[in-house]
Structure formats: structure tokens, C-alpha cells
Amino acid sequence: MKDEIPGRSLNFIEEIIEEDLRSGKNESRVHTRFPPEPNGYLHIGHAKSICLNFGLGKKYNGKTNLRFDDTNPVKEDVEYVDSIKEDVRWLGFDWEDREFFASDYFEQLYEFALILIRKGKAFVCDMSAEEISETRGTPTRPGKESPFRNRSVDENLDLFARMRAGEFPDGARVLRAKIDMASPNMHMRDPIIYRIIHTSHHRTGDKWCIYPMYDFAHGQSDSIERITHSICTLEFEVHRPFYDWLIQEIGIYAPRQIEFARLNLSYTVMSKRKLLELVQDKYVSGWDDPRMPTICGLRRRGYTPESIRNFADIIGVAKRDNVIDINLLEFCIREDLNKKASRIMGVLNPLKIVLDNYPEDLVEQMEAVNNPEDPSAGNRKVLFSKELYIEQEDFMEDPPGKFFRLAPGREVRLRSAYIIKCESVVKDPETGQILEVHCTYDPETKSGMPQSNRKVKGTLHWVSVRHAVKAEIRIYDRLFMVENPDNAEEGKTYKDYLNPDSLQIRTGYLEPSVRNSAHLQKYQFERLGYYNVDYDSSPENLVFNCIVPLRDGRVKEKTK
RNA sequence: UGUCCGAUGGUGUAACUGGCAACACGUCUGCCUCUGGAGCAGAAGAGUCUAGGUUCGAUUCCUAGUCGGACAACCA
């Protein structure tokens, strides 16, 4: 985690917290929570919230709970609970023994509902979902009161008990708060707080057939856990008056809810519904497809927890809607991996080089630096021989002015090896395609030798043909072709903007040192980019994911 | 024709609570380099949605607009 720079300005949430600390509110405790619903995988937007909540807990010597808001058994599953825990842990956060579930509080929540009923603040309503919806009114028009609104306390108590006992089918009745059908805030128009669902719950099994609505569970769960600052996203701002009303009427501890703007990333979608759709309709290989903005997708792509935490830190927290440029995320992973990733050489588009003056059977071990940014990473040996592969793009028969690489008559440095000079080109007589390039090497210029300092304009990466190992290289591009796929034009959906070339599979020729890499091992392929060993990889069938290419000045020249 | 929230360079976030706008990404220029990477040095780019007001002075306060977002699931 980044060290706090003293004097660095506070975000608006930290300001509120420090004010509360100064005034001695909540006995000067800071207690936050991350409250996911276990109905989907976590994405980078959740990472922002996780970093915020756990970060605040840490910064103010407080605590942060992990609580699953599992109030809807039809959509939730343990699969999601497990993945969420894994992801939060992987991001580097620890909730210690404070792993909670809203379902742990079902009995308590039921008691809260009883309190409301006894106070005449809640009633059992027999209307159908359609009727309730019709009588709710619109934002500009008040709703109509339910004909069941004035049932006696005893009748409500009896009916609610029978709801719990399972006497009624799904949808037959609900419990509603009795507030104000004419409120300008839709959430105050006698909102539903309990509904009948005869579905077994992933934790409580068949113990319950009535379940609290999220709005009835969330605020009270925070209260039960004595959360001091309930941090959530902007869309819950309009719910706050209802939460406050509940806390007030039930008469329990009141956390303070603070809303912030959720993260939006360019060239991607972030809603759980859409991500689920991409998975179910097989637009991607799964939740952890390296193109997905999910935490597990980013992990598989090769992002590090540090880079994601740093990203969350850099984007800041505020209340205004925002769209973060995806390249800021890429900046964060490059910055991190530049310091950490070992460098290796690999060729993705091979062109054969033959060194005419190099002994036929000689094999040399070249000393190569693992990471110029980190001397402690040490060196390794790279095998060199008469026939090498270089990148096709690194040779041009008729180069333009600013081409620093190999061309007829020109010299170039082979990284960690010799300076070579291009002597001739062998082409296919039929197609004119270049088959191999013949060069001579200068034996005096081996890296490290006294005379090796001769300046040449370019340095190329290479791999010995005889020693190269093949690997499957998966290269990813952005999943969507437009900056904001959510904002689809008439008659289109976000899916119409899916990038058909977001996955490209190639064969790479790599130096043999990578053969026994562990899954998720990260490398910089010199001059190309950062690569991650995929879960599908094995020593026999290496598979790498391109995390992000290196920044490349050449690209700009071309687009100019 | 409601309620709530927001508005600062291309993007995001600041401005010690009223003292002529800073940082990061991106862009551009130069240096350096056995990665056209990294690093280093520098530059351009907003006068803070608009109109009034308070004030010696407003991005910060007030008023009225404008624009954008959220809210009408027995979802969260």
C-alpha cells in the first residue's frame, strides 16, 4: 500500500471522518464494511469500494467487516461467496474474524419488523405485485394508499406470523412500512420490507420462507455491526431517508451513510447484469476471461493487487460521475511490473537470421540482465547460435529514414549478444517473400567486451532457433470498440459494440528459461510487453496472456 | 412536472475552508539508453456551467437559471 504523504489533501469522506473523530462521535471509533451481495463476481468497481472501505479502516486504526447482504435466495449462491472472499483476500485485505452475513440477522430483523408492526408503522398488504406497482404513483404523481393499510396491529401480527409459518404462497402478501404514499421520494411510499419466497437459502436452508428486502436489511445490519460510516454508491442516496426512518422508528444505533460516485471505465461495461450476460451468452470464456473487468479476470490477465490498489488510490473519490480512461489502469500495471517483472526475450513473428561467419555448431551462453530496474534480480544465461529468430517488423529491405532496425548493409545490436550486419536476403523466387536474412557478426562486440561499446542505432531481441520453445500467446484488445458501450444508439445494445478482434492467438518462440514458470508468473518480453502465465499453461504447452504492451513511440509516428 | 445529487484543462482528483488554479494520466519537445521500454529535463493545455449578488478580493458564500445523473423491481 502506498504510504500516506503527509499533508496530502483528504477526500470528502476522510474529511467527514476526521470531523467525527474531532468531535468524539462514536467514541472516536472508525468502523466500515464492504457489503457485497453474493450474486455475481467482483469487478474493478468493487475494488474501488474495497480499497476505500478497508483503506479507511486501516488509515484510522479502525476495523472493516466483510458482510454478505444475502437477502434474496433466488439469485444468490455459495459460488459467489467463495469467489468474493478469494478476491478480497487477493487484493490484500483482511477482515479477520469479522465475516458476517445479513442472513445471520434474520431473527433480529424479524424482531425489528415486529416492533414496527406494534407501533402501527408496518402492515401486511394483500395486493399483488402489479397492484402495488400501479398504486405507487410516479415520481411526479403521488401514489394511492393500500386498502389494507389500516389493518389492526393484531391482525398484522397474526398475518405476519402466518407468513413466516409458510401458510401463504409466494407473492400472496408482503409486509410494508407505513410511511407516506404522497412522498416526493418514491422510497418512502410504503415500501415493501418483507416478501414471501419459498426457496431455500444458501445459508439458512429452509428455515425461512419470508425474506427481508435489501432496504430493510442493509441499514439495520450496519447498525447491528455498529458501523460508524456506511459508505455506498450514489444511487443509494435516495434510499437514505428510508434507512434513517427505520433506524429512528426501531430505535437503534445510527451509522452515517456516505455516498460516492461509482467507478466507470472507458471501453468496458461494469454492470453485473451485463457481465453475467457476457459470460452466459459466451461472448467471453467465463468470469475470469482476461478481457473481463472482473477481479478474477484482471488477475488472470496478469494484473497485480498492488497495481489495482494503486489505481484505486490514484483515481480518487468524489461524488461527481466519472469515466476513468482505461489507459490509467494500464499505466498502473506497467509501473508496477516495470519494477518487478523479469525480462526475457521472445519472438512473436519470426524471421530467420543466419550468421554466415558464426561456427556451425557453436552455442554460446550469453549473460543477460534479468531486470535493469532491479539489480538484485540478477542475471541469466541465454543460448546463442548460428540461426536466430528476430521479429519480422525488425527488418526492412527498403527502410524509411527513421527506421533504426535491421536493413541491408546496416548494423544492429542483438540484445545481450553481438552486433550484426545484414549482408543479403534470401527470397522465395515465386512469391518474393523473405525467407531468411544473412548477416555477419562482429566477434569483438559481445556484450561486456571492451570493444562492445560501439554505437549502433538499434537493439533487437532475438531467440536461438535451435533452442527456442514454442508457446501459445494470447493477445487481448479492449472488449468494446467504443468508449462508452452503455450509451448505445437507437436500436442497438452494448453487445453491438463488442470488438470482434479482442482475442488474437499466436505462436511465440521464447527463450527456454520460461519453460517451468508457475501460473501467474509475470515477465516482460523485451521490447514487446508484459506477459502472464495463464492457468492453461503447462511445461509441455506454454500459454501466455499479454497483460499490456510496452509503450511504443513508433506507434505515434505512424499515426501522425 | 417531483425529490435528491453533481458541475474545475482531453481524463481524473486538488486548492490549507474567500487571496488571481495544483497533482497525476495523456499530449508535445529535448537529453540519455545494449528494450524506440524505463529514466531525466522542460512545454502546451482550464481562468473553474451561466447570470446576478455579498466582498478590497469568489473555484470556494447567497440567489436564479442551464446542463448532467439517480429514484416509480415482492433486485441489490
Can you identify which nucleotide, out of [options], has its nearest atom closest to the [X] side chain?
X      : options             : answer
A/P184 : B/A73, B/G2, B/U35  : B/G2
A/M213 : B/U35, B/A72, B/A76 : B/A76
A/N322 : B/U35, B/G12, B/U11 : B/G12
A/I192 : B/G12, B/C74, B/G37 : B/C74
A/T138 : B/A72, B/A38, B/A24 : B/A72
A/T140 : B/U1, B/U35, B/A24  : B/U1

Going by distance alone, is a donor N or O of one side chain under 3.5 Å from an acceptor N or O of the other, for A/N39 and A/E37?
->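 Result is yes, a qualifying pair exists.
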Distance below 4.0 Å between [X] side-chain N/O and [N] OP1 or OP2:
X      : N     : answer
A/R189 : B/A72 : no
A/R415 : B/G37 : no
A/R195 : B/C75 : yes
A/T71  : B/A76 : yes
A/R320 : B/U13 : yes

Could you state the [atom1]-[atom2] distance from [X] to [N], rounded to the nearest angstrom?
X      : N     : atom1 : atom2 : answer
A/F12  : B/A15 : CZ    : P     : 13 Å
A/Y523 : B/A38 : OH    : P     : 22 Å
A/L337 : B/A38 : CG    : P     : 14 Å
A/R334 : B/U35 : CZ    : C1'   : 14 Å
A/N264 : B/G12 : CG    : P     : 10 Å
A/M186 : B/C71 : CE    : C1'   : 8 Å
A/R527 : B/U33 : CZ    : C1'   : 13 Å
A/E14  : B/U13 : CD    : P     : 14 Å

Between [M] and [N] - [atom1] atom distance, rounded Å:
N     : M     : atom1 : value
B/U66 : B/C75 : P     : 37 Å
B/U27 : B/A38 : P     : 10 Å
B/U17 : B/U59 : C1'   : 12 Å

Assign [X] to base, sugar-phosphate, or nothing according to its heavy-atom contacts below 4.0 angstrom with the strands shown.
X      : answer
A/K455 : sugar-phosphate
A/E15  : base
A/V317 : sugar-phosphate
A/A318 : sugar-phosphate
A/M188 : nothing
A/S128 : base
A/G40  : nothing
A/F331 : sugar-phosphate
A/M127 : base
A/N185 : nothing
A/F403 : base
A/E259 : nothing
A/P372 : base
A/N327 : sugar-phosphate

Less than 4.0 Å between a side-chain N and a carboxylate O, is that true for A/E511 and A/R380?
->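 Yes, A/R380 and A/E511 are salt-bridged.
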Can a cation-pi geometry be assigned to A/R478 and A/Y267, taking NZ or CZ under 6.0 Å from the six-membered ring centre and within 45° of the ring axis?
->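 Yes, A/R478 sits over the ring of A/Y267.
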Tell me, please, whether A/F101 has A/R203 positioned over its six-membered ring: NZ or CZ under 6.0 Å from the ring centre and within 45 degrees of its axis?
->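 Geometry flag: set, cation within 6.0 Å and 45°.
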Since syn is defined as within 90° of 0, does B/G10 count as syn or as anti?
->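 Judged by the O4'-C1' to base torsion, B/G10 sits in anti, the angle falling more than 90° away from 0.
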Glycosidic class, syn or anti, of B/U29 using a 90° window around 0 |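 Because its glycosidic torsion lies more than 90° from 0, B/U29 adopts the anti conformation.
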Assigned partner base of [N], Watson-Crick or wobble definition, under 3.5 Å:
N     : result
B/G2  : B/C71
B/G9  : none
B/G65 : B/C49
B/U59 : none
B/U27 : B/A43

So, does the side chain of [X] form a donor-acceptor pair with the base of [N] at under 3.5 Å?
X      : N     : value
A/R141 : B/U1  : no
A/E373 : B/G37 : yes
A/R405 : B/G36 : yes

Look at the side chain of A/K48 and the backbone N and O of A/A261, then say whether any donor-acceptor pair between them is shorter than 3.5 Å.
->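 Judged by distance alone, yes, a pair lies under 3.5 Å.
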Once the angle between the rings of A/Y531 and A/F525 is folded into 0 to 90°, is it parallel (under 30°), tilted (30 to 60°) or perpendicular (over 60°)?
->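 Ring orientation, 0 to 90° scale: parallel.
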Parallel, tilted or perpendicular: which fits the ring planes of A/H239 and A/Y243, with parallel below 30° and perpendicular above 60°?
->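 If you compare the ring of A/H239 with that of A/Y243, the planes turn out tilted.
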Toward the 5' end of RNA chain B, which comes first, A/H187 or A/Y214, by nearest nucleotide?
->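 The answer here is A/H187.
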Report the residue (A/N11 or A/R413) whose heavy-atom-nearest nucleotide on RNA chain B is the more 5′ of the two.
->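 Looking at the nearest nucleotide for each, A/N11 comes out on the 5' side.
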Taking only residues two or more places apart in sequence, or in another chain, which ones meet A/K274 in a salt bridge (charged side-chain N to carboxylate O under 4.0 Å, His left out)?
->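 For A/K274 the salt bridge (charged side-chain N to carboxylate O under 4.0 Å, His left out) partners, ignoring immediate neighbours, are A/D486.
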Which residues pass the salt bridge (charged side-chain N to carboxylate O under 4.0 Å, His left out) test with A/E391, sequence neighbours left out?
->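 With neighbours one apart ignored, the set is empty.
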Excluding sequence neighbours, so at least two apart, what forms side chain to side chain donor-acceptor pair (under 3.5 Å) with A/E130?
->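 A/E130 satisfies side chain to side chain donor-acceptor pair (under 3.5 Å) with A/S128 once adjacent residues are dropped.
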For residues 175-202 of chain A, which residue pairs qualify under salt bridge (charged side-chain N to carboxylate O under 4.0 Å, His left out), counting only residues two or more places apart or in two chains?
->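 Qualifying pairs, neighbours excluded: A/R149-A/D190.
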Return the residues of residues 232-246 of chain A meeting this criterion: a heavy atom under 4.0 Å from some atom of RNA chain B. Order them by number, or give none.
->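 Hits under 4.0 Å, by residue number: A/E235, A/F236, A/E237, A/V238, A/H239.
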Scan for side-chain hydrogen bond (donor to acceptor under 3.5 Å, both in side chains) pairs involving residues 163-173 of chain A, sequence neighbours excluded, and state none if there are none.
->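 Qualifying pairs: A/E107-A/R164, A/D126-A/R173, A/R162-A/E167.
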